[in-house]
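By convention in this document, chain letters (A, B, ...) are assigned in the order of the sequence lines, proteins followed by strands, and residues within each chain are numbered from 1. Because the structure is a prediction, the values reported are computed rather than measured.
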2 protein chains.
Amino acid sequence: MQTVRKDIHNSELPILCQSCEARHQGICGAMTSEQLLAISKHTRRVRREPGQEILADAMPIASYANVLKGVVKLTKVLEDGRQQVVGLQFAPDLLGRPFASESRVTAETASDVELCMIPKTALEALMSAGGPVEHRIMMQALRELDEARDWMVTLGRKTAAEKVASFLYLLATHIDPTEETALATFDLPLSRADIADFLGLTIETVSRQLTKLKAEKVIEIANYRHVSINDLTQLRLRCG
Amino acid sequence: MQTVRKDIHNSELPILCQSCEARHQGICGAMTSEQLLAISKHTRRVRREPGQEILADAMPIASYANVLKGVVKLTKVLEDGRQQVVGLQFAPDLLGRPFASESRVTAETASDVELCMIPKTALEALMSAGGPVEHRIMMQALRELDEARDWMVTLGRKTAAEKVASFLYLLATHIDPTEETALATFDLPLSRADIADFLGLTIETVSRQLTKLKAEKVIEIANYRHVSINDLTQLRLRCG
DNA sequence: CGCCGCTTTGATCTGGCTCAATCCGTGTGG
DNA sequence: CCACACGGATTGAGCCAGATCAAAGCGGCG
C-alpha cells in the first residue's frame, strides 16, 4: 500500500521523513531539506487509539501535529452538551490553530491515527520566516474554509438522506490521501454517534438512512463498519 | 460618527485612505505608506445598493474588494435552488478568495455598501512579497474559519429560537466596526428571506421567532427593520 | 458463556415546514 | 390628496421529517 516515493533528496532526508505523506502534499513539502532536517530533531511520531483527545477547546496548544494516517474529528460543544463535529482532518493535514494561544475546537482521534507532533515553537519559528511554509499553511486554512462553507450548505439546507449521502461521498473522496479518485470501499472511521454529530442528526436517523441506502443497493455495509459503494454516481446524485 | 483617527503618517497618505477603516484594522493597516500610496493609484471606491452581485460563484475574480461600510452576504446554492448564506462580511473585511482563479461563493450586497475595489494583480503583487500583507490576509482567513465553525454549531445543533437569537447577537457585536461593545440598536441589513437562508430556516419561522422575542420584551422592532435590544444578557442566554 | 456497548428497528410525538390568507408600508397614477 | 397595487412581513391551520422514547439485535471481549 504505502510505498516510498521517489525523491531526489531522499539521501539527505531524515529516515522517518522519507516515506512520509506530509513530505509531499503536506506542509513539510514546503521546507528545504535543511529546514526539514532541523525540525525533524524536534518532531515525534506517535500513534493514538480512537477517542483520544489531541487538542482541547480553550486550552493552550503545546504542539502542532501532522496527521499521517487515520481521521481526526474537530468538535464543539454547547453548554448543555449538544455536540457538533465541525471538521474532519485527513492526512496530511496540519492540526492546531496557527497564531492563537489556544485552540478554538477540540480535536479527537476518530480512528486509529498516526501523528507527527511538532512543538509549537519549532513550527512557529519556521512560519515567522514568512516563506513557503507560512504560505502552505495559509493554503490549508483557505481550503478548510471552503470545506466548512460547503458543509454549512449540507447542515442548513439538506435533508437527512442527502446529508448521509454527502457524508459517504466525502469519505470516499478524502479517506485515502494517495488516491486521486473516489474509493469504492473503506472502513467508516466514525461511530454512528460521531456521524450524527457531524450531520446535525440523531443516531437513529443516521442508522435508518444507511439502512435505506443499503436496501436500495447503493451501498453495502458489513460488520457495521465496512462500507462498499456499489454505485458512486447514484450516491453523488443523492447529495442534493 | 465617522471621525478621522490620529495617524502619524497621515500627511503622506492618499486623502481617501486617511479616514478609511481598512487603514486601521483591515489589510491596508499592514502596508507601508509607500505600498499604500502605490496601490491607491489602482483602487476605486464604489457604492452599491442592496441586492447587487459583487462576486459570482465559479466565475473568475477580477478584483478584490475591501468592505468599508455595510454588509455583504456570501451565499451558495444547490442545483434545485435551495440557498444557504455561508457568511456575512462587515467592514473592514477583504472580499475575494486569495490564490484561486475563481470564487467559491457568490458575494452579494445585503445593505447599502461601500467598497474599495483592488485589482487582482495589484493585491497579489503585494501578497507574493510574502510580508505583513499576506500575513494579515491569513489572519482574516483563520478568523473566518473560526466563525464558520461557530456557525456550523448553530446550523447543526440549535433550535429555531436559539438560531434567531444567535443571529441578532452576531449583528449586535459585528455591525459597527468602530464600536468595541455590542450595539443596542441597529437596522437589520438582511431581509427575512436572507435571515432564513443564513439560519437554515423558513421565512415564516424567522418571523414567528422575532415576534416571540418582541412579545417577551427582549427586543423591539420598528418598521420591520429597526431593531432595539432591550436585554442583551437575556439575548445572549437564548443563544444556547 | 454472559455481559456490555454499539447499532438497528419500531412506535409515537413535535418543532419547524407548507400552504394560504391577511396585513402593512411604499410607490404610482389619477 | 387619495385609491390602488405590489412586495415583503405576519399570522393561522395542518402536516410531516426527523426527534424522542423504548425495545431488541449483534459483536467483541473477559
Side-chain angles (χ1 to χ4, degrees), chain A residues 49-51 73 78 80-84 108 110-112 154-168 187-216 219-227 238 240, chain B residues 49-51 73 78 80-84 108 110-112 154-168 187-216 219-227 238 240:
Chain A
E49 304 193 329
K73 62 185 162 102
L78 260 22
D80 63 4
R82 280 175 290 174
Q83 197 166 39
Q84 176 71 41
E108 215 174 313
S111 62
D112 275 307
T154 302
L155 287 173
R157 287 302 183 204
K158 291 189 186 176
T159 64
E162 290 167 340
K163 284 179 177 183
V164 171
S166 302
F167 170 69
L168 291 175
D187 281 357
L188 286 178
L190 274 66
S191 69
R192 298 296 186 271
D194 288 336
I195 299 172
D197 284 342
F198 190 33
L199 297 172
L201 297 172
T202 58
I203 299 177
E204 294 93 326
T205 301
V206 170
S207 176
R208 278 185 249 270
Q209 294 302 331
L210 286 172
T211 307
K212 199 160 133 248
L213 283 174
K214 215 163 45 176
E216 292 167 334
I219 61 168
E220 274 164 43
I221 304 182
N223 281 335
Y224 302 129
R225 287 246 141 183
H226 191 74
V227 173
R238 284 160 197 256
Chain B
E49 304 195 327
K73 62 185 160 103
L78 259 21
D80 64 4
R82 279 175 289 175
Q83 197 165 38
Q84 177 69 44
E108 216 174 313
S111 62
D112 276 306
T154 301
L155 287 174
R157 288 302 183 202
K158 291 190 187 174
T159 64
E162 290 168 340
K163 285 179 177 182
V164 171
S166 302
F167 170 70
L168 291 175
D187 280 357
L188 286 177
L190 274 66
S191 68
R192 297 296 186 271
D194 288 336
I195 299 172
D197 284 342
F198 190 34
L199 296 172
L201 297 171
T202 58
I203 298 177
E204 293 94 327
T205 301
V206 171
S207 176
R208 277 184 250 269
Q209 294 302 332
L210 286 173
T211 307
K212 199 161 132 248
L213 284 174
K214 214 163 45 175
E216 291 166 335
I219 61 168
E220 274 164 44
I221 304 182
N223 280 337
Y224 303 127
R225 288 245 141 184
H226 191 74
V227 174
R238 283 160 198 256

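- Rounded to a whole Å, the CZ atom of A/R208 is 9 Å from the P atom of C/dG10.
- The structure places CG of A/D194 at 8.5 Å from CZ of A/F167, a figure rounded to the nearest 0.5 Å.
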How far apart are the C-alpha atoms of A/L201 and A/I195, what are their side-chain angles, what is the distance that settles it, and do they pass the side chain to side chain contact (heavy atoms under 4.5 Å, CB included) test?
CA-CA 8 Å; A/L201 297 172; A/I195 299 172; over 6 Å; no
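- Looking only at side-chain heavy atoms (C-beta outward), A/L210 and A/Y224 stay at 4.5 Å or farther from each other.
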Does the protein touch nucleotides 1-6 of chain C at the base, only the backbone, or not at all? Give it as B, S and - per nucleotide, heavy atoms under 4.0 Å.
------
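- The phosphate of C/dG16 has neither OP1 nor OP2 within less than 4.0 Å of any side-chain N or O from B/T205.
- Between the P atom of C/dG10 and the CD1 atom of A/I203 lies a distance of 18 Å, rounded to the nearest Å.
- Along DNA chain D, the nucleotide nearest A/Q209 and the nucleotide nearest B/I221 are compared for position; the residue whose nucleotide lies closer to the 5' end is B/I221.
- Both A/R157 and A/E204 sit near DNA chain C, but only A/E204 has its closest nucleotide nearer the 5' end.
- Taking atom CG of B/L201 as the reference point, atom C1' of C/dC17 lies 10 Å away to the nearest angstrom.
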Before you tell me yes or no, could you show the steps for A/L199 and A/T205 under side chain to side chain contact (heavy atoms under 4.5 Å, CB included), namely the whole-Å CA-CA distance, both residues' side-chain angles and the distance that decides it to 0.1 Å?
CA-CA 10 Å; A/L199 297 172; A/T205 301; over 6 Å; no
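- Distance, A/L210 CG to C/dT7 P: 10 Å, rounded to whole Å.
- Taking every nucleotide of DNA chain D with any atom under 4.0 Å from a non-hydrogen atom of chain B, the first and last of them, 5' to 3', are D/dA9 to D/dA13.
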Quick one: do B/D197 and B/K73 satisfy side chain to side chain contact (heavy atoms under 4.5 Å, CB included)? Show the steps, please.
CA-CA 10 Å; B/D197 284 342; B/K73 62 185 160 103; over 6 Å; no
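- How far CG of B/L155 is from CD of A/Q84: 8.5 Å, rounded to the nearest 0.5 Å.
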Go through the steps to decide whether A/Q209 and A/R238 satisfy the test side chain to side chain contact (heavy atoms under 4.5 Å, CB included), and finish with yes or no.
CA-CA 12 Å; A/Q209 294 302 331; A/R238 284 160 197 256; over 6 Å; no
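- Atoms NE2 and CD, on A/H226 and A/E220 in that order, are 9.5 Å from each other to the nearest 0.5 Å.
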